[in-house]
Student: 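Right, I'll just put the structure down here and ask away after.
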Amino acid sequence: MKAHARAPGKIILFGEHFVVYNATAIVMAIDKYVYTSVSRRRDSRIRFRSINLGLEGIYEGEAYKPISGGLKAKSVFDPLFRTVRTLLGMYGGDLGLDIEINSEIPVAAGLGSSAATSVSLTAATAYLLGIDIDRRTINSISYESESIIHVTPSGVDNTIATYGGLIRYNRGWKRRILKLSIDYQIPILVGDTGISRNTGIQVSKVRLLANNYPDVFKYILRVYNELYKEAIATLRDKDLIRLGELMNINQGLLSSIGVSSQELERLISIAIEKGAYGAKLTGAGGGGCMIALVDRDRMDGVKWALDKASSLVLEASTDRYGVRVWSD
Ligand code: PMV
């Protein structure tokens, strides 16, 4: 038997950076997935293969032997190996596994590919081993893997990959996360500038600005908090035109705190010019991705224009299911 799982990536619809200052962000799972397949081996080794990254290697006990990709592959596979060991511990056996991972989500672009990988790996492995596991446990095991990669992750990426849908996230809340139920799709285009960005550096840049202009920053944050309330009401009303306008205002705030870039602004203005309801950067900014809210009728035109100016364009809508497993 081969067990399969898929888990979705994410975009931040509203509130990146302001969330660091205890505002609430709105995060959406997108219908772009990491797929993981797991099957048993005859020996006790654990073999990993990443199809999209072209990396492969095998663990014999704790020792790693590269097949392709050398040491770079080891740093990618080590957190995942840890996850598998946790699950084998729960199973109580010493099994060998063949694991194949394939991602539709661009890596290191702020779209949650690493969390979707660990969530799909956890679910597929548990399914193969017959471990009775609920979403909550999948989420917490995946968080461990995310902690190795991102040091102190907020936990929002693994949560959205596990549960899907729309989530409100606030660092100050006890459980940090509240699901927002919607019964419709939010049509999005994701445009990747192809410029790598570093979340930590972007967060520090904002911290410096906030320290230098505490009173000004306080009011920007206050504006965001009002915007957030409007966004929640607008999501409930299914008003995409208004939602787009609120995204534009959010982009203005992000630009005012210095996390946008020329390349992001270019993609955003192309999207608006071609008829998107609204557009903004998503995630840390400085590079990485932008998102545009686009009516289905205008999708092709906006996509065509963005395609010419970005390194990658993805058409995405809301994933409402989170992680899913099956077998063949
Ligand atoms: O780069 P991403 O998509 O992981 O998002 C970072 C979001 C920030 O608000 C900038 C940082 C954070 O930890 O919330």
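Counting starts at 1 for both ligands and their atoms, in listed order.
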Student: Taking the basic N atoms (NZ, or NE/NH1/NH2) and the acidic carboxylate oxygens, is any pair closer than 4.0 Å for K2 and D328?
Tutor: no
Student: Counting only heavy atoms closer than 4.0 Å, does ligand 1 sit against the backbone of R197, its side chain, both, or neither?
Tutor: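 The answer is the side chain of R197.
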Student: Please work out, at 4.0 Å between heavy atoms, whether the side chain, the backbone, both, or neither of K10 comes within that distance of ligand 1.
Tutor: side chain
Student: Of all the non-hydrogen atoms in the protein, which one sits nearest to atom 5 (O) of ligand 1, and at what distance?
Tutor: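 Ranking protein heavy atoms by distance from atom 5 (O) of ligand 1, first comes G283 CA, 3.6 Å.
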Student: Tell me, which protein residue and heavy-atom name are nearest atom 12 (C) of ligand 1, and how many Å apart are they?
Tutor: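 Heavy-atom neighbour on the protein nearest atom 12 (C) of ligand 1: V20 CG2, 4.1 Å.
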Student: Looking only at protein heavy atoms, which one is nearest to atom 9 (O) of ligand 1, and what is the separation?
Tutor: H17 N, 2.9 Å
Student: Classify the contact between I12 and ligand 1 as side chain, backbone, both or neither, using a heavy-atom distance cut-off of under 4.0 Å.
Tutor: side chain
Student: Could you identify the single nearest non-hydrogen protein atom to atom 14 (O) of ligand 1 and state the distance to 0.1 Å?
Tutor: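 Result: V19 CG1, 3.3 Å.
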Student: Dump the intermediate steps for side-chain hydrogen bond (donor to acceptor under 3.5 Å, both in side chains) on T137 and D134, then the final yes or no.
Tutor: CA-CA 5 Å; T137 316; D134 57 11; 2.4 Å; yes
Student: Between Y59 and F48, how do the two ring planes meet: parallel, tilted or perpendicular, split at 30° and 60°?
Tutor: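 Y59 and F48: perpendicular rings.
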Student: Say whether N170 and T24, considering side chains only, have a donor N or O and an acceptor N or O under 3.5 Å apart.
Tutor: yes
Student: Under 4.5 Å between any side-chain heavy atoms of R47 and K65, yes or no?
Tutor: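 Result no, sub-4.5 Å side-chain heavy-atom pair not found.
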Student: What atoms of ligand 1 come closer than 4.0 angstrom to any heavy atom of A284?
Tutor: 1 (O), 5 (O), 6 (C), 10 (C)
Student: Ion pair present between K229 and E226, side-chain N to carboxylate O less than 4.0 angstrom?
Tutor: yes
Student: With a cut-off of 4.0 Å, which atoms of ligand 1 are near a heavy atom of E16?
Tutor: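 Going through ligand 1 atom by atom, the ones under 4.0 Å from E16 are 9 (O).
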Student: Considering only the protein, which heavy-atom contact is closest to atom 6 (C) of ligand 1, and what is its distance?
Tutor: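 Among all protein heavy atoms, the one nearest atom 6 (C) of ligand 1 is T199 CG2, 3.7 Å.
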Student: When the ring planes of W326 and Y35 are compared, do they come out parallel, tilted or perpendicular, using 30° and 60° as the limits?
Tutor: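 Ring orientation of W326 relative to Y35: perpendicular.
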Student: Would you call E104-K32 a salt bridge at under 4.0 Å N-O?
Tutor: no
Student: Out of all atoms in ligand 1, which are within 4.0 Å of some heavy atom of G110? Include the element for each.
Tutor: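 In order of numbering, the contacting atoms are 3 (O).
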